[in-house]
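So that the names make sense, note that chain A is the first sequence line, chain B the second, and so on, each numbered from 1.
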Amino acid sequence: MKKITTSANVDAYDHAKIEKKWQKEWDDQKLHIAKEIPGVKKFYGLIEFPYPSGEGLHVGHVRSNTAMDIICRKRRREGYNVLYPIGWDAFGLPTENYAIKTGIHPAIVTKNNTAIFRKQLKDIGFSFDWTREVNTSDPAYYRWTQWIFLQFLKKGLAYKKKMTINWCPKDLIGLANEEVINGKCERCGTLVEKREKEQWMLAITKYAERLLNDLDAVDTSDTSGTKKPLLDWPEHIKDAQKNWIGKSEGAHIDFRIVLEDDKNALVDSQKSDSGASSTSSTFGTYSTFGIKVFTTRADTLFGVTYIVIAPEHQLVQTLMPSLSNRLEVESYISKSKIQSEIERTNDEREKTGINLNGVYAINPANNEKVPVWIADYVLADYGTGAVMAVPAHDTRDWDFAKKYGLPIKQVIVGDPSTPSVRSENDSHQKTATVTDNTNNTKAYCEDGTLINSGKFDGKDSESARKEITKHIGGELVTKFKLRDWIFSRQRYWGEPIPVVKCEKCAISNPEGGGWVPVPESDLPVKLPEVKKYQPTETGESPLAAVTKWVNTKCPVCNGPAKRETDTMPNWAGSSWYYLRYTDSENKTAFADKKNLEYWTPVDWYNGGMEHTTLHLLYSRFWHKFLYDLGLVPTIEPYTKRTSHGLILAEGGVKMSKSKGNVVNPDVIVKSVGADTLRVYEMFMGPFDQAISWDTSNIAGSRRFLERVWKLKNLLHPDSSNNSKDVERSIQKTIKKVSDDIENMRFNTAISALMIAVNEMEKIGKISKSHYETLLQLLAPFAPHITEELWSSLGNEKSIHQSPWPAFDSKMAVADTVKIIIQINGKMRGSFMAAAGTSKETLQDLAQNNAEVIKWLKDKIIDKVIVIPDRLVSIVVK
RNA sequence: GCGCGGGUGGCGAAAUUGGUAGACGCGCUAGCCUUAGGAGCUAGUGUCGCAAGACAUGGAGGUUCGAGUCCUCUCCCGCGCACCA
């Protein structure tokens, strides 16, 4: 028969063979190894290095890695010297937990897992520079993580502090605030508890202002005169960081505390044996025995009807002896202490509190005497741990006042031009003793005009804030939600914190608490072998059991000392890995200055939204710190940041081992090839949006590549008969694919390539040069098949070293255009016209168009709008 | 509650400055080719309608010759933060 199956088989697209062949070839040619070449423009593309979990590579890794791979491949062909490195964020709990279960050393587990990841990544053909691979759990790497910690210590930015931490009773680990989600452990979902523990802290709050301001900094190195932002980040990522840092401008205002005895007489606090210091007993003068509140609404000061302080506030203990309801107060405090985080943050929960009987505060604005309450809706660790309550203008205070029958006093009215929340005659009531002088059903929280505020009546909120603060001797201050970073973990599989505790030094130098840094020359402090990885109930690291390791000599006094057994959180190693990539083998510094100057900052960093407030903020902090020490040349680490959307399982749920819906990329690579997998993941939908995996759609991507493969059968030796149309369509494709890659609109880039292939198939013959251009555009997406076809066309050098196709705008201009005819806004016809046809001619052609005439019959033309090269819009009556 | 994203065919989605809504792909339908096909090729495929045509981008208004796109109000979904004074 006419069977051509054999010859077809010979010619079939054999992805397995092709992909293996070229991966080896590229390796042999060292095609993707980056070298510092002074004078040649560089591009540093970065992906978040993976945690080598036992589950293997996730299809989500493939999505983000492919995206950056495409960009890097394009940059190389645009003449950039490209660094696209890879490594392992290898410290972490899952590995340690696995070690606990199996007894296998985490280092072994890590080694096995990275080997699997490495093979998986190589099989997909990413153009990583594998010679710069880093591993955060490698002593040669964490030596420098420890070294950076010592610099923090030296500058006083690392300190140990006893504090209440979030404790996960399941993982037996302390958590950073950032790792607690809705009162639960981020990793295992267990309710966290509060524990008192000495913790190493990093003073990230010292950098809060700069971390915030530099988000909107202007690039001063750009001398072109345009004010280019320093960070090319999408606004939503900047917003997320800004919200997290949480700057608010407000004022500290002092309220004097007075105590009232049984006879309702005011007694100065000095007379009580509270131990508080007071310099005056005269009503109306300033007393140091007072309470400082933080407020952003000093304009509402005249509306204060009570003061609330956090149960943990020191003043409560000071006042305790003077309280008549001492037992109740004590019981409230102990109750709120054991309250779990989840209860405290539940928004359904009603506010509770208790009055401190006999304790009053004097409003510095009007000398009014208001009661003092404690309530756990006031946070001890924000602001001053005390607030002035203005129920008329704050929702929380409103709720609380309504519940406990506290007075509500309105002092702000809305702009009269906008609907007011209150009636006219209310504004003339000026009484300090009303229980509720508003007719409102909720707090009015907007800015407005002041009333009931003495000489400030009629002022607007904004100016009143400053004036009132000044008037009563308050202080304008700035607060941040950001807290210092809890840097200790009581676990094994992390970087040991390189300090020792020396009792002798603690006596001679009490400032440092006896903590002595390990000399830099003694780094790294290596993790010792342990028998058991199990963390302890007491909250001590498993390292504490290794007495031989723990007992050491003090580097200062040579006396007996004990090593710190806490380790660093896994955010430590990832806070500076992008710097190590520039010089991964360096043994004398974390990276050579010359290399840092050449490669940094990272030009483009893609990663997940989930790292916006943790990793991204932490690493910016470390980078700025190193910049201050003169160790890195730029104030920001990442010039451009983008984020990818998650890949969900079919049905829109998260992929997880337990649900059994995890897609293994190996299986796809084996059955349809890495190129198909790459094309599919780029085509599946908008890159920055979450999307569900859909196996049935992979066939379309495979089909597309097969059609590209078969196009070679349409090669025509005579390229002279290429019509201008074909040329134009190629140019359009160059433009579209180039632009789309820059904007990470990979789905439409592939769609444009599909359109080009469809057109070529339809025409039935293609010239070599057009085919080559198509392959060149497709090459970043599908590097193997394009390389094979490119080479079969007789090219000796790799397609990935060929220049990126140049867009020729002249060739792309069409000489005839389609003109749309609209009648009363509805499309009624169209016609072809030469590009640049005059308005008059177009109108004429439109009105005489056969399809249009019937619509114009018996109608009067009211108006005609002509958009040249586009449309003619006719309005008829 | 606040912040950030989204709502367009059966499905994933396209749509420069407002200018043919649904490109591209999946799926589906019919036909061709095959011993066969989860292969390939051709044609079709928003909804209603025989058709002419009408109606269609979460909903309601508005601006405009013209709105998925701009304005006002509103509903729903996802993510983040969450008593931050």
Side-chain angles (χ1 to χ4, degrees), chain A residues 1 3 5 8 178 181-183 234-240 242-244 246-248 250-251 293-297 300 308 310 344-347 349 351 375-379 381-390 393-397 399-400 445 479-483 609-610 612-613 645-646 652 679-680 683-686 688-701 703-704 706-707 710 736 739 745 747-755 757-758 761 818-830 854 862-867 869-876:
Chain A
M1 293 290 174
K3 278 269 155 160
T5 43
E178 289 86 341
I181 310 294
N182 286 333
E235 281 308 313
H236 70 273
I237 296 181
K238 289 186 182 179
D239 284 348
K242 286 175 191 170
N243 291 340
W244 190 263
K247 179 177 179 168
S248 54
V293 303
F294 172 68
T295 179
T296 55
R297 292 299 302 271
T300 63
V308 195
R344 257 189 106 141
T345 55
N346 186 351
D347 63 350
R349 182 171 155 268
K351 291 175 180 40
D376 62 6
Y377 81 89
V378 172
L379 305 173
D381 58 352
Y382 181 76
T384 60
V387 302
M388 55 180 229
V390 187
H393 306 294
D394 181 282
T395 310
R396 293 152 303 179
D397 298 342
D399 294 343
F400 194 76
C445 303
K479 297 275 179 203
F480 296 94
K481 285 186 210 171
L482 187 71
R483 314 291 158 91
M609 273 309 285
E610 71 274 21
T612 306
T613 51
L646 295 174
V679 168
Y680 166 64
F683 185 60
M684 64 196 304
D688 58 355
Q689 263 171 51
I691 196 153
S692 302
W693 187 265
D694 186 352
T695 302
S696 64
N697 276 343
I698 296 175
S701 298
R703 230 170 273 165
F704 166 60
E706 279 176 1
R707 283 162 67 197
K710 281 191 225 151
K736 180 78 179 149
D739 290 352
R745 295 161 60 125
N747 53 335
T748 50
I750 290 169
S751 145
L753 289 164
M754 286 171 167
I755 292 168
V757 170
N758 288 349
E761 280 178 343
K818 195 175 179 183
I819 306 292
I820 303 303
I821 308 167
Q822 286 186 348
I823 293 164
N824 286 349
K826 293 216 160 71
M827 211 274 282
R828 295 302 183 190
S830 67
K854 63 175 177 180
D862 195 32
K863 199 173 174 186
V864 179
I865 293 133
V866 183
I867 313 287
D869 292 351
R870 261 244 147 95
L871 65 73
V872 178
S873 181
I874 304 166
V875 188
V876 296

What are the atom names and distances for every N/O pair under 3.5 Å that joins the protein to nucleotides 51-57 of chain B?
{"residue": "B:G53", "atom": "OP1", "partner": "A:Lys854", "partner atom": "NZ", "Å": "3.3"}
{"residue": "B:A54", "atom": "OP1", "partner": "A:Arg828", "partner atom": "NH2", "Å": "3.2"}
{"residue": "B:A54", "atom": "OP2", "partner": "A:Arg828", "partner atom": "NH1", "Å": "3.3"}

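Residues forming a salt bridge (charged side-chain N to carboxylate O under 4.0 Å, His left out) with A:Asp399 (at least two apart in sequence, or on another chain): none. Remark: A:Val387 engages A:Val308, A:Val378 in a side chain to side chain contact (heavy atoms under 4.5 Å, CB included) (not counting sequence neighbours). Under the salt bridge (charged side-chain N to carboxylate O under 4.0 Å, His left out) criterion, A:Asp694 pairs with no residue at all, not counting sequence neighbours. Looking at residues two or more places apart in sequence or on another chain, you find no side-chain hydrogen bond (donor to acceptor under 3.5 Å, both in side chains) involving A:Arg870. Residues forming a salt bridge (charged side-chain N to carboxylate O under 4.0 Å, His left out) with A:Lys710 (at least two apart in sequence, or on another chain): none. Residues satisfying the side-chain hydrogen bond (donor to acceptor under 3.5 Å, both in side chains) test with A:Asp739, not counting sequence neighbours, are A:Lys735. Residues forming a side chain to side chain contact (heavy atoms under 4.5 Å, CB included) with A:Lys854 (at least two apart in sequence, or on another chain): none.
For B:A30, the paired base is B:U42 (Watson-Crick or G-U wobble, both distances below 3.5 Å). B:U17 is unpaired under the criterion used here, namely a Watson-Crick or G-U wobble arrangement in which both key atom distances are under 3.5 Å.
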Q | Heavy-atom protein contacts under 4.0 Å, nucleotides 20-31 of chain B, coded B base, S sugar-phosphate only, - none | A | B--BBSSS----
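Among the atoms of the strands shown, none is found under 4.0 Å from any heavy atom of A:Thr395. At the heavy-atom level, A:Val387 lies under 4.0 Å from base atoms of the strands shown. Among the heavy atoms of the strands, none lies under 4.0 Å from A:Ile237.
Where A:Asp394 and A:Asn824 each meet RNA chain B at their nearest nucleotide, the meeting point lying more 5' is that of A:Asn824. With RNA chain B read from its 5' end, the first of the two nearest nucleotides for A:Ile867 and A:Lys247 is the one closest to A:Ile867.
In terms of polar N and O atoms assigned as donor or acceptor, the side chain of A:Lys863 never comes within less than 3.5 Å of the base of B:C65 in a complementary pairing.
Nucleotides B:C75 and B:G58 are separated by 7 Å at their C1' atoms, to the nearest Å. Nucleotides B:G10 and B:U29 have their C1' atoms positioned 13 Å apart, rounded to a whole Å.
A side-chain donor-acceptor contact under 3.5 Å links A:Asn824 to the backbone of A:Val876.
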